[in-house]
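Only one structure is covered here, and it is reproduced in the block below.
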Amino acid sequence: MRIVLLGAPGAGKGTQCKRLLAAYTLVHLSSGDILRQERSEGSDLGKKAQGYMDSGGLVPDELIVEMMVKAIEDLATDGFVLDGFPRTVNQGAELDAALAASGKALDVVLNLEVRDDVIYDRMSGRRSCPKCGAVYHLISLKPQVEGICDHDGEGLIQRRDDQLEVVEKRMETYHQQTKPVVEYYQNSAVRVFDVQANGDAETVHAEIREILARMSDSQTV
Ligand SMILES: [Zn+2]
């Protein structure tokens with residue numbers, strides 16, 4: 001199964017991705033990880049990307065897509081999940097064209113839908129341990145002692161990414177750039193399922209499994 005997982009920051013993509021990997025034979029492909037790997041290996045693509053980054057620019061869509069397609073073609077298995085990629089309609093269109101050419105077109109897009117107010121609550125209440133990275137929540141996942149990490153007694157902090165102004169900025173970027181990606185797929189041959197993701201991770205995972213089960217029933221592969 002070739003899956004794309006989309007959703008706003010704080011929609012639970014990372015959590016759902018982990019659960020998918022535990023339940024199915026899938027490889028997780030993250031554009032950030034692949035970019036880092038290509039650079040550290042000093043591959044041709046990595047060097048090109050490094051050049052853009054050294055001059056303070058963004059790595060162009062075509063280059064990112066080329067890396068992703070190469071990673072997909074190199075996979076030993078046929079199943080993968082893309083998490084938070086493509087980020088723009090342009091990346092999506094480039095990816096589709098390249099995958100169609102290599103006979104590995106996407107099967108399904110899972111769009112995690114979470115209300116904006118739920119996202120703000122989730123992210124603004126998040127507290128992290130700077131020492132071990134454990135994540136807590138002021139209301140839904142409290143540490144045993146307020147403000148203190150259960151594992152190592154370190155004082156908890158609010159990461160910059162979770163601060164209100166930063167969350168607002170990330171949501172704005174999401175609405176501008178990534179939401180059109182969902183619309184792009186809705187008008188493409190790839191099947192898109194909206195997953196109500198306001199609830200807890202277990203419920204969301206169960207809904208995803210149900211969608212995937214229905215899909216494999218209707219497929220001959
Ligand atoms: Zn800790």
Side-chain angles (χ1 to χ4, degrees), residues 3-41 46 49-50 53 58-59 64 67-68 71 79-85 87 110-175 177-178 195-209:
I3 305 171
V4 171
L5 200 55
L6 295 177
K13 292 190 295 291
T15 309
Q16 291 307 323
C17 200
K18 267 186 214 146
R19 286 177 182 242
L20 278 173
L21 296 185
Y24 300 90
T25 314
L26 293 170
V27 178
H28 175 216
L29 295 175
S30 131
S31 54
D33 290 349
I34 288 164
L35 178 58
R36 261 188 298 279
Q37 196 189 330
E38 294 281 350
R39 280 163 56 214
S40 70
E41 285 174 359
Q50 190 67 50
M53 295 168 84
L58 287 172
V59 181
I64 299 271
M67 284 183 191
M68 294 301 281
F80 59 81
V81 51
L82 305 180
D83 153 25
F85 180 89
R87 249 177 240 283
L110 299 171
N111 177 38
L112 301 185
E113 287 202 312
V114 183
R115 292 198 316 270
D116 281 10
D117 62 301
V118 174
I119 290 188
Y120 283 114
D121 284 348
R122 274 186 198 169
M123 295 182 78
S124 62
R126 203 181 272 176
R127 295 292 179 272
S128 313
C129 171
K131 198 167 172 184
C132 71
V135 178
Y136 300 87
H137 192 276
L138 292 180
I139 293 152
S140 57
L141 193 61
K142 293 180 183 177
Q144 278 159 9
V145 182
E146 198 187 321
I148 303 291
C149 179
D150 289 347
H151 308 295
D152 46 34
E154 190 77 16
L156 300 179
I157 56 156
Q158 186 177 36
R159 291 190 322 154
R160 204 183 119 68
D161 261 10
D162 298 330
Q163 284 166 14
L164 188 62
E165 316 82 78
V166 181
V167 174
E168 277 172 347
K169 197 95 212 142
R170 291 173 70 193
M171 288 300 288
E172 205 183 295
T173 308
Y174 167 73
H175 283 296
Q177 279 194 346
T178 315
V195 181
Q196 292 309 314
N198 297 306
D200 62 85
E202 193 50 54
T203 311
V204 177
H205 177 66
E207 195 183 332
I208 289 178
R209 289 187 73 132

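Whatever order the structure lists them in is the order used to number ligands and atoms, beginning at 1. No experiment lies behind these values; they were computed from the predicted model shown. Both backbone and side-chain heavy atoms feed into the values below; hydrogens, waters and symmetry mates do not.
No more than 12 heavy-atom neighbours from other residues, nucleotides or ligands sit within 6.0 angstrom of CZ on Arg87.
For the atom pair Arg122 CZ and Arg115 CZ, the distance stands at 10.0 Å (nearest 0.5 Å). The distance from atom CG of Leu82 to atom SG of Cys17, rounded to the nearest 0.5 Å, is 9.0 Å. Atoms CG and NE2, from Leu156 and His137 in turn, are 13.0 Å apart once rounded to the nearest 0.5 Å. Note that NE2 of His28 and CG of Leu20 are 10.0 Å apart. Values are rounded to the nearest 0.5 Å.
For the Zn ion (ligand 1), protein N/O/S neighbours under 2.8 Å (waters excluded) are Cys129 SG, Cys132 SG, Cys149 SG, Asp152 OD1, Asp152 OD2.
Pairs passing the salt bridge (charged side-chain N to carboxylate O under 4.0 Å, His left out) check and including a residue from residues 147-157, sequence neighbours excluded, do not occur.
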